[in-house]
Amino acid sequence: MEDAFARSVSEVLEFFAVDPSKGLTDSQVAEHARLYGRNVLPQEQSTPFWRLVLKQFDDLLVKILIASAAVSFLLALMNGETGLSAFVEPSVILMILAANAAVGVITETNAEKALEELRAYQADVATVLRNGCFSILPATDLVPGDIVEVCVGCKIPADMRMIKMLSDHLRVDQAILTGESCSVEKELDSTIATNAVYQDKTNILFSEVTPLKKKLDEFGTFLAKVIAGICVLVWIVNIGHFRDPAHGGLLRGAIHYFKIAVALAVAAIPEGLPAVVTTCLALGTKRMARLNAIVRSLPSVETLGCTTVICSDKTGTLTTNMMSVSKICVLQSVNHGPIAAQYSVSGTTYAPEGFIFDSNGIQLEIPAQYHCLLHIAMCSALCNESVIQYNPEKRNYEKIGESTEVALRVLAEKIGLPGFDSMPSALNMLSKHERASYCNRYWENQFKKWTRDWPTENDYMFHRIPILLSQLMFGQLYMISVLEFSRDRKMMSALCSRKQMDIMLTKGAPESILSRCTTILCNDDGSTVPLTAAIRAELESRFHSFAGKETLRCLALAWKKMPTGQQALSFHDEKELTFIGLVGMLDPPREEVRNAIASCMTAGIRVIVVTGDNKTTAESVCQKIGAFNHLEDFAGHSYTASEFEQLPALQKTMALQRMSLFTRVEPSHKRILVEALQHQNEVVAMTGDGVNDAPALKKADIGIAMGSGTAVAKSASDMVLADDNFATIIAAVAEGRAIYNNTKQFIRYMISSNIGEVVCIFFAAVLGIPDTLMPVQLLWVNLVTDGLPATAIGFNKQDSDVMKAKPRKVNEAVVSGWLFFRYLVIGAYVGLATIAGFIWWFVYSDSGPKIPYSELMNFDSCSTRETAYPCSIFGDRHPSTVSMTVLVVVEMFNALNNLSENQSLLVIPPWSNLWLVASIVLTILLHMLILYVQPLAVLFSVTPLSWSEWTVVLYLSFPVIIIDEILKFFSRNSGLRFTFRFRRGDLLPKKELRDK
């Protein structure tokens with residue numbers, strides 16, 4: 001339906017044949033899915049593989065190498081060379097470059113695929129009405145005609161025509177779509193404009209695209225300049241060899257060494273570093289997603305390893321958020337002084353199954369016959385916006401809405417209904433679907449509900465979007481005038497009408513409700529008596545007992561008779577209330593949190609619990625979870641928001657350094673806390689789930705949104721916890737540290753190996769010996785060693801001590817002075833071992849000429865003097881084959897060194913990463929293929945090696961492991977450190993450069 005904006009609500013409903021009170025049926029959903037397809041945006045056409053390969057050749061060094069190979073080919077033809085000899089080297093160079101391009105394309109494609117999979121973890125969801133029941137589905141499962149509920153902070157899951165609005169105005173942020181800086185007001189009326197644009201369609205809610213952004217700076221910039229300079233130097237150093245007879249002239253000699261220099265640059269400069277680092281990060285973030293930590297920004301993975309403070313919400317993150325009312329306190333009587341009655345409630349799930357017990361442990365047969373309990377049930381059902389329903393597929397009861405409100409709905413079911421002696425047994429005869437909210441429906445059908453009001457704009461700091469309900473929630477449910485909960489009032493009120501009597505029902509924080517109450521309801525006779533100081537003191541005593549020793553989250557319930565005919569509420573109505581009772585909700589701490597807190601302490605990460613709850617309750621919960629295990633008392637470690645704000649500046653600074661608990665917090669306090677901690681050079685992770693938490697999440701170094709939170713919070717975050725679990729944050733920090741370590745290990749492998757190649761060519765030129773490696777051989781080594789093993793390093797497992805190390809400094813270099821020294825040592829050995837293999841064949845090998853080293857250094861003058869050996873030995877393929885094989889094998893041993901930065905191979909053995917072992921085996925097999933298959937051996941100017949030659953290759957290659965083990969030992973034992981460093985920004989972008 002392309003013109004839904006121009007049609008009335010009834011026309012739209014009629015077109016899709018949908019009942020607004022029940023939604024689509026299963027058969028209609030199937031039919032509409034067949035007719036209209038899935039709710040997904042069209043994807044851009046992918047670039048063909050061949051075009052991606054050609055793009056890889058769009059590199060200056062590659063173009064220069066191809067040009068030099070072409071010039072060499074032309075010179076060969078000009079000198080009369082024909083046949084295979086003229087074509088071999090240029091053809092092999094082109095083939096290797098093509099293979100390198102294919103590997104580059106595959107690497108980049110894999111990185112993009114990994115990012116696409118990460119996007120899938122962030123799939124949008126929608127609350128949709130089908131078959132008369134609400135359910136939460138992936139947004140892609142929506143079909144035209146679905147009735148969808150949208151609330152504050154939600155992301156619009158599809159383009160939708162509004163059919164009902166429960167507020168007097170509705171504003172939506174559609175800046176991504178239209179570029180408008182302000183939110184747009186929406187209305188129900190059809191649009192009469194012809195050729196309407198997006199701005200004219202004021203009755204349509206548009207889905208917007210917010211793709212995952214990634215930015216990755218090139219770490220290799222500095223190294224590329226150094227290597228390029230060395231390559232130029234290599235060419236200059238060899239100027240004296242340009243006239244060697246073997247080259248056939250000055251020009252051909254110059255071109256020969258130019259090809260070596262350029263091939264060295266192509267092989268040694270890590271131009272593919274960004275793609276492979278992205279792949280490494282993406283692989284790690286996929287592992288994090290399996291741990292329920294969904295990373296929205298790849299650079300944030302690095303920041304996780306630097307985190308020094310985690311500011312965590314309490315409810316749902318440190319606790320299970322499976323709330324259930326376990327205690328009730330009401331005033332029993334005032335006949336012989338204020339006597340409070342206390343009840344216990346059984347059942348800890350969302351199932352309407354449980355009983356009410358008095359203080360003696362005796363079960364109440366009909367709880368609804370007690371006046372205060374009856375009013376508590378009524379208030380719990382009516383002053384409530386949640387939904388509870390039975391899911392037959394999962395065979396359990398599910399919630400839609402806040403856990404505190406769902407707990408009150410379940411309590412209303414447990415109390416039951418008045419006037420029926422057989423009520424408990426009668427309720428048990430209902431089906432689970434009917435039983436889920438039977439008593440709540442009763443109360444809602446008993447009361448007439450007037451139009452709904454909405455909070456002022458000041459109640460929402462970010463994306464002020466009111467609730468849109470496309471359908472009435474229960475049978476004969478009318479709209480209700482509601483004063484929504486706000487953090488300054490800490491309460492919510494609802495206006496109801498029944499039998500010409502208008503009443504306001506209120507729930508909220510006990511201190512807020514008690515301060516507004518002047519009377520109280522008695523449980524024994526239903527009378528209302530003044531709320532005296534003695535009664536108030538007794539209630540406050542019970543409240544502190546619930547909140548403290550029993551760690552219950554407490555709510556107070558109250559009511560007030562309103563003037564007949566009143567149709568709206570204002571904040572001024574919330575006074576002179578009648579107190580009904582106090583309920584205590586159990587929200588058990590997560591079992592795994594205690595160990596997670598302990599891991600944080602070991603890892604040098606401070607945890608600050610941030611909650612809107614009462615200070616006493618929060619302190620008791622923190623004791624249970626172990627957040628205060630290291631403290632003798634709470635003094636100086638626990639503050640309410642108001643207490644903290646009243647501190648002088650110096651004391652605030654000291655308080656921030658010791659703070660472990662921050663209570664009675666509003667969203668604005670979260671941002672203030674983040675900024676204050678950042679001013680003390682802390683790297684802060686902050687959790688949040690609400691619309692108003694978004695500024696704090698954006699300001700934090702790592703913003704962590706809850707999976708159950710609003711779309712606004714998720715879009716402002718760097719990471720989303722799918723399970724809302726604090727322990728997942730710690731697992732993500734550990735995984736983030738491991739990912740960063742693996743990235744460093746990959747860089748270390750690449751750079752140390754490339755340094756080895758540079759050292760080999762450069763020192764061979766300085767020593768004046770023949771070319772150790774041909775251009776095609778350099779390119780081959782680059783192809784087989786930089787691909788598979790480097791990528792496989794990304795699969796390294798976590799070091800056993802990854803959470804025993806203190807957080808990295810935020811300005812710590814990716815390549816520190818000590819680490820770069822290790823690069824140089826390993827790289828130098830790789831290069832010298834390669835040269836040693838070359839020299840060994842000439843001087844010591846039984847199959848070689850065994851000439852003195854001085855003769856090898858004067859090889860270029862062989863044809864001009866008398867020698868005991870033929871000059872043709874300097875063109876033998878054995879020495880370069882030995883050198884090339886040493887280079888490949890030593891780099892494979894070096895890959896094993898990179899299983900861990902500092903842990904010995906005795907602690908983390910090779911088989912801990914089977915992907916790396918497999919890549920090493922495959923690399924060696926490919927190398928043996930060109931050695932022992934004759935046509936390939938000719939192409940690469942190599943020859944088969946004997947067992948004695950392989951033995952020398954292993955002798956020269958293996959010591960790289962011993963050298964690195966020694967360097968690791970010094971690292972583990974705080975050995976040498978150098979102060980020079982490279983900028984951290986060379987690997988990943990800084991926080992302020994990221995586009996979230």
Side-chain angles (χ1 to χ4, degrees), residues 325 327-345 356-360 362 364-383 408 411-412 414-421 423 439 442-443 446-447 491 493-508 510-543 545-546 554-564 566 573-584:
V325 175
K327 291 293 177 67
I328 301 172
C329 178
V330 298
L331 180 65
Q332 182 64 25
S333 172
V334 292
N335 294 333
H336 303 287
I339 301 175
Q342 185 168 306
Y343 298 95
S344 299
V345 185
I356 314 295
F357 301 88
D358 63 18
S359 56
N360 297 318
I362 300 174
L364 304 186
E365 294 297 332
I366 307 177
Q369 71 182 9
Y370 295 86
H371 294 280
C372 287
L373 294 181
L374 179 65
H375 280 74
I376 285 175
M378 180 175 66
C379 186
S380 297
L382 296 175
C383 192
L408 291 177
L411 175 63
K414 292 176 181 178
I415 292 174
L417 300 177
F420 299 96
D421 292 342
M423 176 53 62
C439 298
Y442 168 84
W443 290 114
Q446 287 292 310
F447 284 82
M491 57 194 303
S493 298
L495 177 63
C496 308
S497 178
R498 183 191 186 202
K499 298 180 180 179
Q500 304 303 313
M501 180 179 72
D502 297 332
I503 62 171
M504 180 180 71
L505 298 169
T506 302
K507 73 171 188 287
E511 61 268 32
S512 297
I513 298 294
L514 272 171
S515 65
R516 299 168 190 255
C517 289
T518 55
T519 57
I520 187 169
L521 183 68
C522 290
N523 196 37
D524 59 351
D525 58 5
S527 62
T528 299
V529 299
L531 182 58
T532 63
I535 297 174
R536 192 182 298 272
E538 176 66 17
L539 292 173
E540 288 177 348
S541 174
R542 295 298 179 102
F543 163 52
S545 175
F546 282 5
C554 297
L555 285 179
L557 308 175
W559 75 291
K560 177 182 179 181
K561 186 175 180 180
M562 304 299 290
T564 303
Q566 182 166 340
D573 292 321
E574 294 177 324
K575 60 184 180 180
E576 298 179 353
L577 308 177
T578 298
F579 190 87
I580 300 174
L582 180 72
V583 298

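Both backbone and side-chain heavy atoms feed into the values below; hydrogens, waters and symmetry mates do not. Positions are given from 1, in the same order as the sequence printed here.
- Between Val583 and Val345, the closest side-chain pair of non-hydrogen atoms is not below 4.5 Å.
- Using a 4.5 Å heavy-atom cutoff, the side chains of Phe447 and Ile503 are in contact.
- Looking at heavy atoms from C-beta onward, Val334 lies out of side-chain contact with Thr532 at the 4.5 angstrom threshold.
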Leu514 vs Leu582, side-chain contact (heavy atoms from CB on, under 4.5 Å): CA-CA, chis, key distance, verdict: CA-CA 10 Å; Leu514 272 171; Leu582 180 72; over 6 Å; no
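- Lys414 pairs by the salt bridge (Lys or Arg N to Asp or Glu O under 4.0 Å) definition with nothing, not counting sequence neighbours.
- In terms of modelled atom types and a separation under 3.5 Å, the side chain of Arg516 and the main chain of Leu577 share no donor-acceptor contact.
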From CA spacing to verdict: side-chain hydrogen bond (donor to acceptor under 3.5 Å, both in side chains), Asp502, Ser497: CA-CA 4 Å; Asp502 297 332; Ser497 178; 2.8 Å; yes
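- Remark: Arg542 engages Glu538 in a salt bridge (Lys or Arg N to Asp or Glu O under 4.0 Å) (not counting sequence neighbours).
- The side-chain heavy atoms of Asn523 and Tyr343, taken from C-beta on, include a pair separated by under 4.5 Å.
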Step-by-step side-chain contact (heavy atoms from CB on, under 4.5 Å) determination, Leu495 to Asp573: CA-CA 10 Å; Leu495 177 63; Asp573 292 321; over 6 Å; no
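- Listed by chain and number, the residues in a ring pair (Phe, Tyr, Trp, His ring centres under 6.0 Å) with His371 amount to none (sequence neighbours excluded).
- Residues meeting the side chain to side chain contact (heavy atoms under 4.5 Å, CB included) test with Leu374, sequence neighbours left out: Ala368, Pro418, Trp443.
- Residues satisfying the side chain to side chain contact (heavy atoms under 4.5 Å, CB included) test with Ser512, not counting sequence neighbours, are Lys490, Ala509.
- Between Thr578 atom OG1 and Met504 atom CE the span is 9.5 Å, to the nearest 0.5 Å.
- Judged as a salt bridge (Lys or Arg N to Asp or Glu O under 4.0 Å), and not counting sequence neighbours, Glu576 has no contacts.
- Across all their heavy atoms, Cys329 and Ala340 have their closest contact at SG-CB, 4.2 Å.
- Leu373 contributes atom CG, which lies 8.0 Å from atom CG of Leu411 (distance to the nearest 0.5 angstrom).
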Derivation and outcome, side-chain contact (heavy atoms from CB on, under 4.5 Å), residues Ser344 and Lys327: CA-CA 5 Å; Ser344 299; Lys327 291 293 177 67; 3.5 Å; yes
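- Taking both residues in full, the closest heavy atoms of Ala341 and Gln332 are given as CB-OE1, 3.3 Å, listed atom of the first, atom of the second, then distance.
- Note that CH2 of Trp559 is 13.0 Å distant from CG of Leu382, once rounded to the nearest 0.5 Å.
- Residues Ser380 and Leu557 form a side-chain contact, since some pair of their non-hydrogen atoms from C-beta on lies under 4.5 Å apart.
- Of the possible polar contacts, one joining the Asp525 side chain to the Ser527 backbone as a donor-acceptor pair under 3.5 Å is found.
- The distance from the SG atom of Cys496 to the CE atom of Met562 is 11.0 Å, given to the nearest 0.5 Å.
- Across all their heavy atoms, Ile520 and Pro530 have their closest contact at CG2-O, 4.2 Å.
- The backbone N or O of Lys575 sits less than 3.5 Å from a side-chain atom of Lys560, completing a donor-acceptor pair.
- Across every non-hydrogen atom of Pro510 and Phe543, the tightest pair is CG-CE1, 3.5 Å.
- From Thr528, atom OG1 reaches atom CD1 of Ile580 across 9.5 Å, with rounding to the nearest 0.5 Å.
- Looking at every heavy atom in both residues, Ala381 comes nearest to Ala412 through CB-CB, 4.4 Å.
- Evaluated for a side-chain contact (heavy atoms from CB on, under 4.5 Å) with Leu331, the options Val529, Leu521, Leu539, Ile339 yield exactly one hit, Val529.
- Side-chain atoms of Ser541 do not come within 3.5 Å of backbone N or O of Ala537 as any donor-acceptor pair.
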